[in-house]
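Notes follow once the structure below has been shown.
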Number of protein chains: 2
Amino acid sequence: MAHITSSVEYAIHCLLYLVGSGDTPLSSRDLAELQGVSPSFLAKIFPRLEKAGIVAASEGVRGGYVLARPAEAVTFLDVVDAVEGDKKLFDCQEIRGRCALFEGDPPGWATKGVCGIHAVMLSAEKAMRDSLARTTLADVAAGFGRKAPKSFYADLSDWMDGRIRARASPRRARPEEGAG
Amino acid sequence: MAHITSSVEYAIHCLLYLVGSGDTPLSSRDLAELQGVSPSFLAKIFPRLEKAGIVAASEGVRGGYVLARPAEAVTFLDVVDAVEGDKKLFDCQEIRGRCALFEGDPPGWATKGVCGIHAVMLSAEKAMRDSLARTTLADVAAGFGRKAPKSFYADLSDWMDGRIRARASPRRARPEEGAG
DNA sequence: GATAACGCGGATAAAACCTGTCTGCGTTTT
DNA sequence: AAAACGCAGACAGGTTTTATCCGCGTTATC
Ligand code: FES
Ligand code: FES
């Protein structure tokens, strides 16, 4: 179990597909099957992205999700916070006030302000968050676009269309199921 | 549950006391009672600091721990790694290779090198670790020394001496126990 | 208008992790 | 010999993460 969980990995990979899909909504089920992850689990992640204003949902048949903002305006930090809430890197237990010398009544100089140790952790957390805030969905989408061949996007589009057509006309699109 | 756990908080607070104690070994039990934390739990943390070469142990009666290096040579990162092992900030599941379009046989361009998303996380982890490596025990000890009154260190020394004397001559040091 | 796809929320369960306790062992001072 | 110490392992309880399932309201399509 890591601090940045698999939920974030799922979320960002999905968001990258949404970057490519433009105005066409993609359902969480399709995104799950496309990537080979659990549809039920993914369905629990998306509402958090929606509450954070990262994606917009459309209900009903042919519904799904689209990006609610331009990809340049969604940082990794946005996604991490949306999916994980405000999870702290370090949870200070304030043990400095329990020193036996204080006998249950710690003096002001000992408990005033943030503990020096805690301050170092907060600084490290800030460094991490600043780093995450420096990269957007658009940045990684561009990097992915440079690696993938042109045909990939066409194949992807076909796959999504295929799923919709298969559901619309199961008789023609998946004849093998009835003929088996 | 946070990424940097309470064990690290306990460890560094203890190490700060060791900075002040110089060559006199302090036992994990005394350090635990002084700070109001579980002696059993603290006893599980110190061996990890010892294996990492941060503290040196002396066994037997009057044994305990001393710093194995100057406080200037022990960074927060050293302590975090010693106590938590090499815990990653993010654990990539390599879901990029599971894309349905690849049909179980992902092409080289899709799996070569580190995933762009993973790379961002690694960069954030590095930022955090660099930040932690920038502060040493000596730094925070100096900050603490500026806050605490002079009498605190004398009181601390007395408290430690008192514990040793109480154990050496229980009849005189704790008469109320036998008189009850 | 019925059906099916879709998002949403809650209940539930399994696995992993963190915290904390306990016990027994060997070592060393008193 | 006794007591204080470090060390290693087994163990239990709570929390988090991952994952599944179900029922509900909404909406496009037949
Ligand atoms: S009291 Fe929490 S870090 Fe010092
Ligand atoms: S596959 Fe793990 S972050 Fe992309």
Using a strict 4.0 Å threshold on nitrogen-to-oxygen distance, state whether A:R48 and A:E84 make a salt bridge. no
CD of B:E59 versus P of C:dT30: gap in Å, rounded? 16 Å
Starting at atom NZ of A:K44, determine the distance to atom P of C:dG10, rounded to an integer number of angstrom. 9 Å
With DNA chain D as reference, determine whether A:G60 or A:P39 sits nearer its 5' end, using the nearest nucleotide of each. A:P39
Look at A:S38 and D:dT20 and indicate whether a side-chain polar atom (N or O) is within less than 4.0 Å of OP1 or OP2. yes
Taking any heavy-atom pair under 4.0 Å as a contact, classify A:G63: base, sugar-phosphate, or nothing. sugar-phosphate
Length of the CD-P vector between B:E33 and C:dG20, whole Å: 15 Å
Contact class for A:S40 vs. all strands (heavy atom < 4.0 Å): base, sugar-phosphate, or nothing? base
Can you check whether A:R48 has a side-chain N or O nearer than 4.0 Å to OP1 or OP2 of C:dC8? no
What is the distance, rounded to the nearest whole Å, between atom OH of A:Y65 and atom P of D:dT27? 14 Å
What's the closest nucleotide to the side chain of B:S27 if the choices are C:dC22, D:dC5, D:dA19? D:dC5
Check the distance between C:dC17's C1' and B:I4's CD1 and give it to me in whole angstrom. 16 Å
Tell me the interatomic distance from B:F46, atom CZ, to D:dA8, atom C1', rounded to whole angstroms. 17 Å
OP1 or OP2 of C:dG9 under 4.0 Å from side-chain N/O of A:K51: yes
Mind calculating the distance between CD (A:Q93) and P (C:dG20) to the nearest angstrom? 8 Å
May I ask you to decide if B:A110's main-chain N or O and A:K147's side chain share a donor-acceptor pair within less than 3.5 Å? no
Could you tabulate the donor-acceptor pairs under 3.5 Å formed by side-chain atoms of residues 54-62 of chain B, not counting sequence neighbours?
residue	atom	partner	partner atom	Å
B:S58	OG	B:G64	N	3.3
B:S58	OG	B:G64	O	3.3

May I have the distance from A:L26 (atom CG) to C:dA5 (atom C1'), rounded to whole angstrom? 15 Å
Ring pair (Phe, Tyr, Trp, His ring centres under 6.0 Å) between A:H118 and A:F90, worked out: CA-CA 8 Å; A:H118 190 182; A:F90 172 72; 5.6 Å; yes
Among D:dT29, D:dG6, C:dC8, the nucleotide that comes nearest once only the side chain of A:R62 is considered: D:dT29
For A:D78, is there an ion pair with A:R69 - N to carboxylate O distance below 4.0 angstrom? yes
Only counting residues at least two apart or in another chain, list the ones meeting side-chain hydrogen bond (donor to acceptor under 3.5 Å, both in side chains) with A:D139. A:T136
Indicate whether OP1 or OP2 belonging to D:dG6 is found under 4.0 Å from a side-chain N or O atom of B:S28. yes
Polar atom pairs between nucleotides 13-17 of chain D and protein, under 3.5 Å, N or O only, would you list them?
residue	atom	partner	partner atom	Å
D:dT17	OP1	A:K87	NZ	2.8

Are A:K126 and A:D130 ion-paired here, with the side-chain N under 4.0 Å from a carboxylate O? yes
